[in-house]
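Structure record follows, encoded as structure tokens.
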Amino acid sequence: FPGLTQGLTEKDRKEYEEKRLTVYREYLSGKRQEIAGEKMAEEAQLNECYPPLDTALRFAVDRDRLWERRSVDEDFLDLRIGTGTRPLLAEKNCPKETFEVERDVLKEELFALTREPVILKDIPILLSLRRDFIVGVQGFSRKTFSVLRNLLLQLVVTHSSDEVKWVILAGETYEEDFRFARNLPHTWSDDHSIRFFAGGAGDIPALSRYLSGEIEAALSPEQLRPGA
């Protein structure tokens, strides 16, 4: 800012520079607080939108948020699978860095603040079944069942049964484990004519015929042609 200090004495220039540094650093401190506030707000909002299972299950009691994710929503079929970290969602804007012959310490501090990474912590990590529609869960059977049960129960309370159905092929080995899902509305056809649950080989033929008919009804004639 050489033009602003022309005609000033050395003492005046020093006082001006000290004031400039103080005022601008107060401004940067305010911006740093704004960024910290945005970080806290994003963390709170994400945890509010995608709560842990014990909180989500209360949707069925309070009913204010029951089946809140609809097919028209961006987070339709988004499910929480844990917690983790990710960069701040909001963007930090500042003037573009350019080459300057004269060094300005305040600009350097501004650019340093802009480059400083801001990481959201302890936020939900999501599985998008709309995008990742083929998912495998690998591990010990008790732990994999716990993961599957968590996902199914999230679906029950966040998605309506008129938009989400599931088919459970449990087999005789795991039929008892999945008994909790047998009478949930997402396990039945809309007219309750068939339950999408197979506990043994004898349940599969009728279920297979029904699903084949539903698929054929949903596909166009061109899609049903051999080789399509």
Contact check, side chains of Phe180 and Val156, non-hydrogen atoms, under 4.5 Å
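In short, these two side chains do not touch, never coming nearer than 4.5 Å.
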
Can you check whether Glu216 reaches Leu211 side chain to side chain, under 4.5 Å on heavy atoms?
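Heavy-atom side-chain distance check fails, nothing below 4.5 Å.
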
Side chain to side chain donor-acceptor pair (under 3.5 Å) partners for Ser71, two or more places apart:
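If we apply the side chain to side chain donor-acceptor pair (under 3.5 Å) test to Ser71, skipping adjacent residues, the hits are Glu163.
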
In chain order, what residues pass the side chain to side chain donor-acceptor pair (under 3.5 Å) check against Asp190, with sequence neighbours excluded?
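Listed in chain order: Lys165.
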
For Ala181 against Thr187, the heavy-atom pair lying closest together
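Scanning both residues completely, I find the closest heavy atoms to be O-OG1, 2.5 Å.
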
State whether a side-chain donor-acceptor pair under 3.5 Å links Glu43 with Asn47.
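There is no such pair between these side chains.
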
Report the hydrophobic cluster partners of Val72, with the cluster defined as I, L, V, M, F, W, Y residues connected by side-chain heavy atoms closer than 4.5 angstrom, directly or transitively.
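Val72 shares its hydrophobic cluster with no other residue.
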
By the rule that ILVMFWY residues connect when side-chain heavy atoms come within less than 4.5 angstrom, directly or transitively, which residues belong alongside Trp188?
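In the cluster with Trp188 there is nothing else; it is isolated.
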
Do [X] and [Y] sit within salt-bridge range, that is, some charged N less than 4.0 Å from a carboxylate O?
{"X": "Arg69", "Y": "Glu74", "value": "no"}
{"X": "Arg70", "Y": "Asp75", "value": "no"}
{"X": "Lys19", "Y": "Glu15", "value": "no"}

Name all pairs fulfilling the salt bridge (charged side-chain N to carboxylate O under 4.0 Å, His left out) condition that reach into residues 125-146, sequence neighbours left out, sorted by first residue then second.
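Passing the test, one end in residues 125-146: Arg142-Asp177.
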
Return the set of residues passing side chain to side chain contact (heavy atoms under 4.5 Å, CB included) with Pro52 (not counting sequence neighbours), or none when no residue passes.
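Expected list: Asp54, Thr55, Arg80.
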
Using the test side chain to side chain contact (heavy atoms under 4.5 Å, CB included), find all partners of Glu214 that sit at least two apart in sequence or belong to another chain.
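Here the qualifying residues are Tyr210.
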
Residue pairs fulfilling ring pair (Phe, Tyr, Trp, His ring centres under 6.0 Å) with at least one residue in residues 38-92, sequence neighbours excluded:
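Pairs touching residues 38-92 that pass the test: Phe76-His159.
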
Scan residues 121-146 for pairs that pass ring pair (Phe, Tyr, Trp, His ring centres under 6.0 Å), counting only residues two or more places apart or in two chains.
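The answer is Phe145-Phe178.
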
Show which side-chain atoms of residues 167-175 pair as donor or acceptor with protein atoms under 3.5 Å away, not counting sequence neighbours.
none

Can you give me every donor-acceptor pair (side chain of residues 27-34, partner residue at least two apart or in another chain, under 3.5 Å) with its distance?
none

Could you pull out all donor-acceptor pairs under 3.5 Å where a side-chain atom in residues 193-203 meets a protein atom, sequence neighbours excluded?
from: Ser193; atom 1: OG; to: Ser189; atom 2: OG; distance (Å): 3.3
from: Ser193; atom 1: OG; to: Asp191; atom 2: OD1; distance (Å): 2.7
from: Ser193; atom 1: OG; to: Asp191; atom 2: OD2; distance (Å): 3.4
from: Arg195; atom 1: NH1; to: Arg182; atom 2: O; distance (Å): 3.0
from: Arg195; atom 1: NH1; to: Asn183; atom 2: OD1; distance (Å): 2.9
from: Asp203; atom 1: OD2; to: Gly199; atom 2: N; distance (Å): 2.9
from: Asp203; atom 1: OD2; to: Gly200; atom 2: N; distance (Å): 3.3

If you round to the nearest 0.5 Å, how far is CG of Leu88 from CD1 of Ile35?
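The CG atom of Leu88 is 8.0 Å from CD1 of Ile35, to the nearest 0.5 Å.
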
